[in-house]
Amino acid sequence: MQIPYTLQFINLLAAMLLLVAFAMLSQRRILSLINLFAWQGALLALSTFIVAYSTNQHHLYYSAALTLVLKVMLLPWLLHRLIRRLNVRWDVETLINIPTTMLVGIALVIFAFNLAAPITQLAEGITRGLIGIALACVLLSLLMMLTRRKAVSQVVAFLSLENGLFFAATSATQGMPLVVELGIALDVLVATFIFGIFFFQIRETFDSLDITHMEKLKDD
Amino acid sequence: MENYNLFFAALFQLAQLLLVVLAAPLLTGWVNQCQAWLQNRSGAGVLQPYRVLRKLFHKDAVIAHNASWLFRVTPYIVFGCMWLAAAIIPIIAVDLPFSQAADVIALVGVFALARMFIALAAMDIGTSFGSLGARREMLVSFLAEPALLMVLFTASMISHSTQLPRIVEALAHHQFVLYPSLAFAALAFVIVLLAENARIPVDNPSTHLELTMIHEAMILEYSARHLALIEWASSLKLFAYMSIGIALFLPQGIAEMGHWAGLPLAIVILLLKLMLAGAGLALLETVTAKMRIFRAPEFLGTAFLLAVLGLLIHFLLGA
C-alpha cells in the first residue's frame, strides 16, 4: 500500500520533532536550547499546516499561524531577552551525565511507543501512527525537566512539553476547537511572562537560578 | 544466455575492482583539494595522492629489528580487506558476482578484520605511540561499530534483506518513498564515517601531533611500500564508506539488474555523487573543530542513539 506523500512528509516531520527533543536533551548551552525550541516550534507549525492542507480543515491553518508567531518568534525572543537580562549564558548543569540521559531517553521512547500501540489501533484519521512519537516527545521533555538544575532550562523543557501535547492533539484528533487552542496559546504566553518574573525573584533571593537552593526553604 | 550474463557480470565486477582501486586516491585528493580551497590555500592538486604513492613505492622499506612477520604482512592484509570490501558494495551495478558472496554484516566483519590487524601490527613494534594509537583506535571502533550495524539493520528492515544489492534494489528501483528512519540512519552514518575514516572531529589525518593522533600513531613505524599500501587502503576505505552511504541513502542511478547499457551513465552519476560527498566532507571538516578524545564516546553515542531512533521509528511508522 502506498501512503500519500503528505502523510510521509508528516511522518518525516514527526521524526525530526523527536530528533529535536533528543537534541534538546543533550544540549549543554541555554542559548542553543532556546534556538532548538524555536526549531521545534517551526516543525510543529509546518506539520500542523500540512495536516490542515491534507484534511482540509480551515481552523488548523489558524493554529499553524498561531504556532508560528507564538512559538517560533515571540517565545524564543522573550526567552532570549530574559537570559540577556539575567545574564545566564553559562553551560547548563545536568544532574545525570548526558550519555546516561540519552540512554534513559531511548528507554522512554520504547516505553512511549509500546504505550501508544493500543491507542494507535483505536485512533482514526490519517496521522494515527504519530501518537507514539508525540507521547515520546512529552516524556522526553519531562525527563529534561527532571535532569536540569537551572530554572531557565526547566522552563524551556516545560514549553517543549506543551509542543509535544500540541503535536499529539493535531495528529490524533486533528486539532482542538480554535477557542481551546487560543486559550492554550494565551496560557503559554502568560506562563512565560510569569516564569520571567519568577526568575528575577529567585535570583534576587538566592543570587542564582539554581533551583537546588530552593530546597533550603523549609522552616525547621 | 545464462553464460553470456555471467560473463558480463564477471566483466563488470572486474571493471568495478579496477575503477575503485584507481579512483580511491583521486577521491582523497579531491577531499584534500576542496579543503585547501575552503581554507584559502592553493592546495597540492587532486593528483597529489598518486604522486605520494609513487614516491613511496620507489623508496626502500625500513623495518624495525624487533618487528615480527605480523608487521610485514599487515599492509597487504589491510589493503586486501579494503579492496574486497569495495568489491562487495554495489558501486556501479547491482548484479555483481562478489556481492552475492557477502552481506552487510560480513562487510562490517571485513572492516573489523583489517582494523584488528592494523592494531596488532601497531602494538607488535613495541613503541609507545603504536600501542597508544591502537588502544584509541579500538576505543573509537568499538563505539562506532554498533552504530554502523544499527544503520545497516535499519536499511535491512526496510528492504527485508541484509544483501546490499537487494537493499539497493528495494530503495532505488521501486516507487519513491520518504523514509524518516533512513534520514536518522543517514545522520548516524555520517558520524560513523567521520570516526572510522579518522576524519576531523574524532581524529586529524593531516597531523602528527602526539596528543591527538589515532590513525597516524598506529602507522608511524611504516615506511615505503608498506606505508603506501596503508595509505592506499585508507583511501579505499573512505571510498568504500562513501559508496555504502550512496548505496543506502542515495541509490538512484546505480545500474539495475541485467541492465548493462546503463553502466556508463551509472559511472558518471557515481562520480558526481562522490564529488558532492567529498566536497561535503571537506566542508564538514573545515567548519568543525577536533574534539577531545574523551568527547569521542559521547559523539559516537549520538550516532548510536540516532541509529536506534531510526530503527524504532521504522517499527512505529513502518517507514
Take atom [atom1] of [X] as the centre, draw a 6.0 Å sphere, and report whether it contains more than 12 heavy atoms from other residues, nucleotides or ligands.
X	atom1	result
A/Y61	OH	yes
A/F158	CZ	no
A/M102	CE	yes
A/Y62	OH	no

Any idea which heavy atoms bring [X] and [Y] closest together, and the distance?
X	Y	result
A/L12	B/A183	CD1-CB, 4.3 Å
A/F22	B/L305	CE2-CD1, 3.4 Å
B/I313	A/F113	N-CE2, 4.2 Å

The test is side chain to side chain contact (heavy atoms under 4.5 Å, CB included); show your working for B/L306 and A/L19 and say whether it passes. CA-CA 8 Å; B/L306 286 170; A/L19 182 64; 3.0 Å; yes

Holding to salt bridge (charged side-chain N to carboxylate O under 4.0 Å, His left out), I want the full list of residues that pass it with B/R199, two or more places apart in sequence or in another chain.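 Testing B/R199 for salt bridge (charged side-chain N to carboxylate O under 4.0 Å, His left out), a comparison that skips the adjacent residues, returns B/E285.
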
Would you say B/L309 and A/I106 make side-chain contact, with heavy atoms under 4.5 Å? no

